Amino acid sequence: MSNPGLASGTRHTLEVYRLSRFKACRCSISSFCFMFASRQASGIPGLAPTDEKDGNLPDIIVSSSLHEFLVNLHEKYGPLVSFWFGRRLVVSLGSIDLLKQHVNPNRLLDPFETMLKSLLRYQSSLNGDTGESHMRRKLYENGVTKSLQSNFALIQKLSEELLAKWLSLPEAQHVPLCQHMLGFAMKSVTQTAMGSSFEDDREVIRFRRHHDAIWSEIGKGFLDGSLDKNMTRKKHYENALVEMESIIRKVTKERRGRSFNRHVFIDTLLQGSLSDQQILEDTMIFSLAGCVVTANLCTWAVYFLTTSEDVQQNLYKEMDRVLGKGPITLEKIEQLRYCRRVLCETVRTAKLTPIAAQLQELEGRVDQHTVPKETLVLYALGVMLQDSSSWPSPYKFDPDRFNEELAMKNLSLLGFSGSQECPELRFAYMVATVLLSVLVRKLYLHPVKGQVMEAKYELVTSPKEEAWITVSKRS
């Protein structure tokens, strides 16, 4: 079975295209699946089409998100279900046991890259020569690894700046967690991806404006095709895309053939044999996905710590024991095992990326059912992450569950841990670990009484409204 997670692992998306016939395009899920998914019925339980043209798309829109639609569908019909995008059949797997059974001989597509490059009208690096695709993927992964190593002190500095900001606040003042974490993530990603020009807050603000315009459409526009129906929104999105590409091209030109004190992500791409367009595409993907994954992992981790004094205190004790009064180092990160369990449980409880997808390029089988060729197969990861048969007390935030080897194996199988972690999630884990090592040793993190947190389930799960916390200084 291929791993479903966020890159070769966890890079989840709702769109998959056929490698041999890929055309870069921007389209709704219904039209995408009309192109690729099999029309053959398979006897798998599920919904009949609600609408002759749109299939079950109206049901998905009523449910607010594809994740919430799948939760209801799996509750009603079981772990293996089917429904229709337009006139095309889709199969969804909702249990880890079925995931293990899934026989799908085609290559797993890179889901973040699949959806983002389709929406951005970029050619997939997985299309065409396998050797070239592998080389490009390895270059991308190496770029993330090298940029983390070279910019570790920078991430510490940005974490310390956020700590200083929070220490300056009156103890009772509410802190807008989402806003601060997105700002922190933007600075971390832009400076590690593209260099020192983003030390200027004006450049970060400009980048954030365009980033937000693009990402908001990825969340709300591609499911129902509404972006193409609203010319004002479409023009705003396309203008932001042009501006973002202009920023990346400028950085590429400035750094080509030159030596800098800090090695950043784009430097690795420039050292490879990529075209300028490929450098643009890969930098865009890392900048978009890296910011959103990092911001939301940090947001949810801090929020969940405010809800559990015991977990927060246990994390503090580990930080104090391993790090003492000194700063965190790359070597000591491996010793922060409880911190890693906290972040793994954050990913699980928040359902950080709730859906992955594969195209069943060749006929396969799941649970005695045939999955026809060219069927779109969804992995309902958000359903699997809160399945009580795999996770006892699934709605409880409990990092200690990852003391068990089976729990770690299950998380790795879903692509959120181990060798199948995608580069963006690996980056986010590292940044979040550094941030927590700075915050938790100096501050108590408190919840705001009466706050009810609801999640918005898109490509990456985020709080639906601003998440508020308060902080106080540790004595």
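The shown structure was predicted, so the numbers you read here are calculated from the model rather than taken from an experiment. Residues take their numbers from the sequence shown, with the count starting at 1.
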- Worked check of side-chain contact (heavy atoms from CB on, under 4.5 Å) between Tyr379 and Val377: CA-CA 7 Å; Tyr379 295 145; Val377 180; 4.1 Å; yes

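A donor-acceptor distance shorter than 3.5 angstrom exists from the side chain of Thr433 to the backbone of Tyr429, with no hydrogens or angles considered. In this structure a side-chain-to-backbone donor-acceptor pair under 3.5 Å is missing from Thr299 to Asn296. Judged by distance alone, with hydrogens and angles left aside, the side-chain atoms of His174 form no donor-acceptor pair with the main-chain N or O of Thr470 at under 3.5 Å. Side-chain atoms of Arg341 do not come within 3.5 Å of backbone N or O of Phe402 as any donor-acceptor pair.
For Thr190, the side chain to side chain contact (heavy atoms under 4.5 Å, CB included) partners two or more places apart in sequence, or in a different chain, are Met194, Phe198, Val204, Phe207.
Salt-bridge formation is detected for the pair Arg262/Glu199: a Lys NZ or Arg NE/NH1/NH2 atom is positioned less than 4.0 Å from an Asp or Glu carboxylate oxygen. Under a 4.0 Å N-O distance rule, the pair Lys165/Glu161 does not qualify as a salt bridge. Ion pairing between Glu345 and Lys396 fails under the 4.0 Å rule for side-chain N and carboxylate O. With respect to the salt-bridge test (charged N to carboxylate O, under 4.0 angstrom), the residues Glu254 and Lys250 qualify. Using a 4.0 Å cut-off between charged nitrogen and carboxylate oxygen, Arg206 and Asp200 do not count as a salt-bridge pair. Ion pairing between Lys235 and Glu238 fails under the 4.0 Å rule for side-chain N and carboxylate O.
Atom CD of Gln313 sits in a crowded spot, with more than 12 heavy atoms from other residues, nucleotides or ligands closer than 6.0 Å.
With 3.5 Å as the limit, one finds no donor-acceptor pair spanning the side chains of Ser147 and His263. For the residue pair Ser393 / Arg401, no side-chain donor-acceptor distance below 3.5 Å is found, with atom types taken as modelled. A donor-acceptor pair shorter than 3.5 Å can be found between the side chains of His446 and Ser472.
Taking the six-membered ring where tryptophan is involved, the planes of His67 and Tyr457 are tilted, since the angle between them lies from 30° to 60°.
Both tests pass for Arg255 against the ring of Phe260: distance under 6.0 Å to the centre and angle within 45° of the axis.
Residues Phe286 and Phe427 place their aromatic rings such that the two centres sit under 6.0 Å apart.
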